[in-house]
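Some notes on the structure that comes next.
Sequential numbering from 1 along the given sequence is applied to the chain's residues. Note that these values count all heavy atoms, side chains included, but never hydrogens, waters or copies made by symmetry.
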Amino acid sequence: MAVNTICLDTAEAWTSAWRGQSGTFTDHTDLKGFLIPLEDLKEVIAEPNVANVRAYIGIDIADDNEPHLIIVGVNSAGEDIIYKAAGKGCVDSDGTVNTGLYDFSDPCPTTCDTKSPLYGPQS
């Protein structure tokens, strides 16, 4: 069962909000990266016909601009694999969401390795 899947309308709202921010990408210096649990990545890779994965950045305006990393499987033609159920009302009768869209929202900061040379200058 895919635990971290989200509806397409949610993913569209988050990615649209990210793209709609004023300024440039380099203005968003607080966000340094995302922690992606291996179990979650395995779920995406296990989806049918996945040849690669693609990550989109989004923010949830309703949650104080909380950053999100949305990962979707990509087929051999380079197309995102988003299932029909991804639209509104995408929750199945058993309460699961089966869309092919995964929300890996463990942003850094707060899940950072502050000693990593990729984090930034060490003080």
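The shortest non-hydrogen separation linking Ile71 to Ala55 is CG1-CB, 4.1 Å. Among all heavy-atom pairs drawn from Ala11 and Leu101, the shortest one is CB-CD1, 4.1 Å. Residues Val44 and Gly73 approach most closely at CG1-N, 3.9 Å, considering heavy atoms. Contact between Tyr102 and Glu43 at its shortest, heavy atoms only, is CE2-OE1, 3.2 Å. Ile81 and Val72 get closest at one heavy-atom pair: O-CG2, 3.3 Å. Closest approach of Val50 to Asn52, counting heavy atoms only: CG1-O, 3.1 Å.
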- Task: Test side-chain contact (heavy atoms from CB on, under 4.5 Å) on Trp14 and Ile70 and set out the steps.
- Result: CA-CA 9 Å; Trp14 290 348; Ile70 302 153; 3.9 Å; yes

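No chain of hydrophobic side-chain contacts below 4.5 Å, direct or via other Ile, Leu, Val, Met, Phe, Trp or Tyr residues, connects Val53 to Leu35.
To the nearest 0.5 Å, the span separating NE2 on His68 from CD1 on Ile57 amounts to 12.5 Å. Between Lys42 atom NZ and Ile36 atom CD1 the span is 14.0 Å, to the nearest 0.5 Å. For the atom pair OH (Tyr56) and CG (Asp103), the distance works out to 15.0 Å, reported to the nearest 0.5 Å. Between Leu8 atom CG and Thr15 atom OG1 the span is 8.5 Å, to the nearest 0.5 Å.
Under the 4.5 Å side-chain criterion, counting only non-hydrogen atoms from C-beta, Val74 is in contact with Asp80.
For CG of Asn49, the number of neighbouring non-hydrogen atoms (other residues, nucleotides, ligands) closer than 6.0 Å is 12 at most.
Under a 3.5 Å cut-off, the side chain of Asp113 and the backbone N or O of Lys115 do form a donor-acceptor pair.
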